[in-house]
A.B. asks: 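I have a structure here, written as structure tokens, and I will follow up with some questions on it.
Heavy-atom basis, side chains included; hydrogens, waters and symmetry copies ignored.
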Amino acid sequence: MAYNLKENLMKEDRLSGGHRMCAGCGGPIAVRTVLRALEPEDQAVICSATGCLEVSTFMYPYTAWKDSFIHNAFENAGATISGVETAYRALKKRGKISDNYKFIAFGGDGGTYDIGFQSLSGAMERGHDMVYVCYDNEAYMNTGIQRSSSTPKFADTTTTPQGKAIPGKQQNKKDLVKIMVAHGLPYVAQTTFIGNFSDISTKAHKAIYTPGAAFMAVMAPCPRGWRYPSDKLMDVVKSAVETCVWPLYEVEEGKYTINYRPKEKKPVEEYLRMQGRFAHMFKPGNEWMIEDVQKHVDEKWEELQNLAEIR
């Protein structure tokens, strides 16, 4: 199927304005861009785990969703959308449905990396024709900014408060994308919305129209949890990419491709300094924390480059 980015960006939004997401939140931008990758003739069933996205876009009897929408519990988005996809295939086989539907689940990192991981893993392993999109804001933002396994090391959250006892979260972020790759999926991608939206748009189209199960991780910063001014959202995601904190890459049938390589890889402190959750790392005597994060980012970037060179 031919893909035209310009035409894609001109499509009508399938998530309407008027929702209650915060100004400067990356979640609705991620959702809108992914849904624009749907072809106009295709309908969709959208499933969303409990979280900021759900409570802010679907307050009964009002909805911001123009496609069929299912709200399910925190832990079972993968099971819910895979069940609907199975029912659709059965009904279409019997000739009771003629329309074309695509099946997309959205979940934050809490409902994806942690609470919903078992359900997600099962759906991916079974190979349902669906896409799971994690809009990753790196904490349980909807319930009070608690740490998740997606939260980066040293981040200040309500359950890992920085202070004399601990310097914030003490573990590195879980590499969920590689875990999804290990499921043998035909398509896995890591992306965010920068520049002309080409990267996330192209990957969303691939994910939706690649037969079988697909997974996308989209960095979607949270101004409340990350503590940056609302108008600095795009600066934050750009810095994440330029420092290689959040590389843009995809894995098709096990083959890694890096979609963007910074001409000059920026030091990680440029990214950290933009966010209040890392402010304590810049206090005198805490330089070792920045060095620790830089070392980890460098190691992960080198590992990714090695994977992308394997043929």
Side-chain angles (χ1 to χ4, degrees), residues 26-27 30-31 34 45-55 70-86 103-153 155 157-160 169-192 203-204 207 210 212-222 225 245-247 249-251 254 296 300 303-304:
V31 171
V34 168
V45 176
I46 310 298
C47 171
S48 178
T50 297
C52 290
L53 180 65
E54 177 272 319
V55 301
I70 304 173
H71 163 224
N72 55 267
F74 215 154
E75 69 275 9
N76 64 341
T80 299
I81 200 69
S82 64
V84 177
E85 185 268 346
T86 301
F103 301 88
I104 306 172
F106 291 98
D109 53 283
T112 306
Y113 282 69
D114 298 341
I115 297 176
F117 179 74
Q118 178 178 333
S119 176
L120 167 63
S121 178
M124 296 292 101
E125 186 273 333
R126 291 190 298 271
H128 294 275
D129 192 6
M130 56 170 280
V131 181
Y132 191 105
V133 181
C134 176
Y135 64 99
D136 192 349
N137 53 38
E138 298 187 333
Y140 288 83
M141 300 305 182
N142 183 51
T143 54
I145 316 176
Q146 299 92 347
R147 63 89 83 191
S148 76
S149 62
S150 172
T151 305
K153 194 173 185 179
T157 75
T158 54
T159 50
T160 57
K169 190 192 173 201
Q170 299 179 70
Q171 301 81 22
N172 284 311
K173 179 186 179 88
K174 181 194 292 183
D175 195 338
L176 184 60
V177 174
K178 286 182 69 177
I179 295 172
M180 291 295 104
V181 172
H183 283 66
L185 305 182
Y187 190 75
V188 179
Q190 179 165 293
T191 185
T192 189
K203 288 174 178 174
T210 295
F215 177 85
M216 291 180 64
V218 184
M219 173 176 271
C222 169
V245 167
W246 189 266
Y249 70 99
E250 60 190 340
V251 187
H296 180 68
K300 295 293 289 183
E303 177 186 348
L304 178 59

A.B. asks: Could you walk me through whether Thr160 and Gln170 pass the side-chain contact (heavy atoms from CB on, under 4.5 Å) test, one step at a time?
C.D. replies: CA-CA 8 Å; Thr160 57; Gln170 299 179 70; over 6 Å; no

A.B. asks: Is it true that atom CD of Gln118 has more than 12 heavy atoms of other residues, nucleotides or ligands lying nearer than 6.0 Å?
C.D. replies: no

A.B. asks: Please name the pair of heavy atoms, one in Ala213 and one in Pro186, separated by the smallest distance, quoted to 0.1 Å.
C.D. replies: O-CD, 3.2 Å

A.B. asks: Less than 4.5 Å apart, any side-chain heavy atom of Glu138 and any of Ser150?
C.D. replies: yes

A.B. asks: According to side chain to side chain donor-acceptor pair (under 3.5 Å), who are the partners of Thr151, at least two apart in sequence or on a separate chain?
C.D. replies: none

A.B. asks: Could you tell me whether a side-chain N or O of Glu85 sits under 3.5 Å from a main-chain N or O of Asp129, the two making a donor and an acceptor?
C.D. replies: yes

A.B. asks: If you compare all heavy atoms of Gly27 against all heavy atoms of Ala220, which two are closest, and at what distance to 0.1 Å?
C.D. replies: N-CB, 3.8 Å

A.B. asks: How many angstroms lie between atom OG of Ser121 and atom CG of Leu176, to the nearest 0.5 angstrom?
C.D. replies: 9.5 Å

A.B. asks: For the backbone of Met219 and the side chain of Thr192, can you confirm whether one donor and one acceptor N or O come within less than 3.5 Å of each other?
C.D. replies: yes

A.B. asks: Does any part of the side chain of Ile81, heavy atoms only, come nearer than 4.5 Å to the side chain of Tyr132, both counted from C-beta?
C.D. replies: no

A.B. asks: I'd like to know if the side chain of Thr80 reaches the main chain of Asn72, judged simply by a donor and an acceptor atom lying under 3.5 Å from each other, with no hydrogens or angles considered.
C.D. replies: no

A.B. asks: Between Asn172 and Lys300, is a side-chain contact (heavy atoms from CB on, under 4.5 Å) present by the stated rule, with each step listed?
C.D. replies: CA-CA 11 Å; Asn172 284 311; Lys300 295 293 289 183; over 6 Å; no

A.B. asks: Work out which heavy atom in Ser82 is nearest to a heavy atom in Arg126; give both atom names and the distance.
C.D. replies: OG-NH2, 3.1 Å

A.B. asks: Minimum heavy-atom separation for Met216 to Val34, with atom names?
C.D. replies: CE-CG2, 4.4 Å

A.B. asks: If every non-hydrogen atom of Cys222 is compared with every non-hydrogen atom of Asn137, which pair is closest and at what distance?
C.D. replies: CB-CB, 4.0 Å

A.B. asks: How long is the gap from CD on Gln190 to CD on Glu250, to the nearest 0.5 Å?
C.D. replies: 12.0 Å

A.B. asks: Decide side-chain contact (heavy atoms from CB on, under 4.5 Å) for Thr157 and Lys169; before the verdict, give the C-alpha distance in whole Å, the side-chain angles of both, and the deciding distance to 0.1 Å.
C.D. replies: CA-CA 8 Å; Thr157 75; Lys169 190 192 173 201; 5.8 Å; no

A.B. asks: Quick one about Asp114 and Ser149 (side-chain donor to acceptor, distance below 3.5 Å, no hydrogens or angles considered), yes or no?
C.D. replies: yes

A.B. asks: Quick one: do Leu120 and Met180 satisfy side-chain contact (heavy atoms from CB on, under 4.5 Å)? Show the steps, please.
C.D. replies: CA-CA 9 Å; Leu120 167 63; Met180 291 295 104; 3.9 Å; yes

A.B. asks: Closer than 4.0 angstrom, basic N to acidic O: yes or no for Lys173 and Asp109?
C.D. replies: no

A.B. asks: Would you say the side chain of Tyr140 lies within less than 4.5 Å of the side chain of Ile115, judging by non-hydrogen atoms?
C.D. replies: yes

A.B. asks: Checking Lys203 now: which residues fulfil side chain to side chain donor-acceptor pair (under 3.5 Å) with it, not counting sequence neighbours?
C.D. replies: Asp199, Asn259

A.B. asks: If every non-hydrogen atom of Cys134 is compared with every non-hydrogen atom of Phe215, which pair is closest and at what distance?
C.D. replies: CB-CZ, 4.0 Å

A.B. asks: Working to the nearest 0.5 angstrom, can you tell me the gap between Cys47 SG and Ile104 CD1?
C.D. replies: 11.0 Å

A.B. asks: Side-chain contact test, heavy atoms from C-beta onward, threshold under 4.5 Å: evaluate it for Phe103 versus His128 and give yes or no.
C.D. replies: no

A.B. asks: What I'd like to find out is whether the side chain of Ser119 reaches to under 4.5 Å of the side chain of Glu75, using heavy atoms alone.
C.D. replies: no

A.B. asks: Nearest 0.5 Å, please: how far is CD in Glu54 from CD1 in Ile46?
C.D. replies: 14.0 Å

